[in-house]
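Just below is one structure, and these are the notes that go with it.
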Amino acid sequence: MSSPSDFSIPPQLARFPVEVRDAYRRYCETRDADALQIVVTAALREHMPKRTNQPTAPDFSDGVRLIEDLGYDSLAVAEIVFFFEDLFQVTIRTQDLQAMTTVGELRAFVLRQLAEKSASA
């Protein structure tokens with residue numbers, strides 16, 4: 001495990017709040033799934049399509065649908081997936097991308113991908 005001074009935050013997270021960067025660091029050091037969920041939720045919020053008539057803060061609970069509830073289109077979903085590919089150095093196939101319809105499915109998928117990457121390393 002590296003010391004905090006040895007750890008560098010990837011440029012993809014530079015604009016994110018310190019809590020998100022700390023969660024990323026914690027995930028990388030401990031594989032804490034809760035820390036990963038903080039990063040996934042922050043990325044979803046960051047890539048959230050801009051809507052003019054949004055009366056309340058978006059809900060990122062597991063059952064919320066990316067397209068129907070949050071207003072993502074296929075391009076926005078692809079953008080968030082590409083963000084995770086770059087951040088975690090994983091590959092996400094097109095058919096996997098098309099199968100993700102809810103926030104929970106996206107979270108579970110990212111967690112699975114990273115677990116598989118760790119197991120094969």
Side-chain angles (χ1 to χ4, degrees):
M1 183 183 324
S2 61
S3 71
S5 61
D6 294 341
F7 193 89
S8 66
I9 296 297
Q12 297 91 331
L13 294 177
R15 67 183 181 273
F16 285 77
V18 68
E19 308 84 50
V20 176
R21 296 189 309 260
D22 287 345
Y24 175 82
R25 176 181 293 120
R26 192 168 63 251
Y27 172 76
C28 290
E29 292 174 349
T30 66
R31 296 300 183 237
D32 176 5
D34 291 335
L36 178 62
Q37 299 315 321
I38 292 169
V39 175
V40 171
T41 300
L44 282 166
R45 185 172 284 115
E46 176 73 19
H47 290 90
M48 180 82 185
K50 307 297 182 235
R51 294 193 280 180
T52 56
N53 292 331
Q54 192 164 345
T56 60
D59 175 13
F60 293 106
S61 58
D62 285 348
V64 173
R65 298 169 298 175
L66 295 168
I67 294 172
E68 295 87 347
D69 299 330
L70 293 177
Y72 281 83
D73 59 19
S74 58
L75 183 59
V77 172
E79 186 176 299
I80 191 79
V81 170
F82 296 147
F83 173 82
F84 289 126
E85 284 183 325
D86 287 345
L87 182 61
F88 293 112
Q89 301 301 303
V90 295
T91 301
I92 300 172
R93 301 175 317 194
T94 302
Q95 62 260 36
D96 294 328
L97 173 63
Q98 293 169 341
M100 287 181 264
T101 60
T102 67
V103 170
E105 289 169 352
L106 177 62
R107 283 185 177 130
F109 181 80
V110 170
L111 190 58
R112 263 193 326 275
Q113 287 292 103
L114 294 177
E116 288 172 12
K117 179 182 176 185
S118 291
S120 67

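- Expressed to the nearest 0.5 Å, how far CD of Q89 lies from CZ of F84 amounts to 14.0 Å.
- Residue L87 holds its CG atom at 7.5 Å from SG of C28, rounded to the nearest 0.5 Å.
- Residues D69 and G63 approach most closely at OD2-O, 4.3 Å, considering heavy atoms.
- Closest non-hydrogen pair, H47 versus Y72, comes out as O-CE2, 3.5 Å.
- The side-chain hydrogen bond (donor to acceptor under 3.5 Å, both in side chains) test applied to S61 returns D59, not counting sequence neighbours.
- Proximity of L106 to M100: side-chain heavy atoms (C-beta onward) are separated by under 4.5 Å at one or more points.
- Taking CZ from R26 and CG from D32, the interatomic distance works out to 5.5 Å, rounded to the nearest 0.5 Å.
- The shortest non-hydrogen separation linking G71 to P49 is O-CG, 3.3 Å.
- Side chains of L114 and V90 form a contact here, defined as non-hydrogen atoms less than 4.5 Å apart.
- Going from atom CG of L36 over to atom CZ of R107 covers 9.5 Å, rounded to the nearest 0.5 Å.
- To the nearest 0.5 Å, the span separating CZ on R25 from OG on S8 amounts to 9.0 Å.
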Distance-only donor-acceptor hits, side chain of residues 9-16, under 3.5 Å, sequence neighbours excluded:
from, atom 1, to, atom 2, distance (Å)
Q12, NE2, D86, O, 3.3
R15, NE, E46, OE2, 2.6

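- Of all heavy-atom pairs spanning M48 and P58, the tightest one is CE-CB, 4.0 Å.
- To the nearest 0.5 Å, the span separating OH on Y27 from CG on L111 amounts to 6.0 Å.
- Listed by first and then second residue, the side chain to side chain donor-acceptor pair (under 3.5 Å) pairs that reach into residues 109-121 are R31-S118, sequence neighbours excluded.
- Counting only heavy atoms from C-beta outward, the side chains of E19 and I38 never approach each other to under 4.5 Å.
- Counting heavy atoms from C-beta outward, V103 and L70 have side chains that approach closer than 4.5 Å.
- Between I80 and L66 the shortest side-chain heavy-atom distance does not fall below 4.5 Å.
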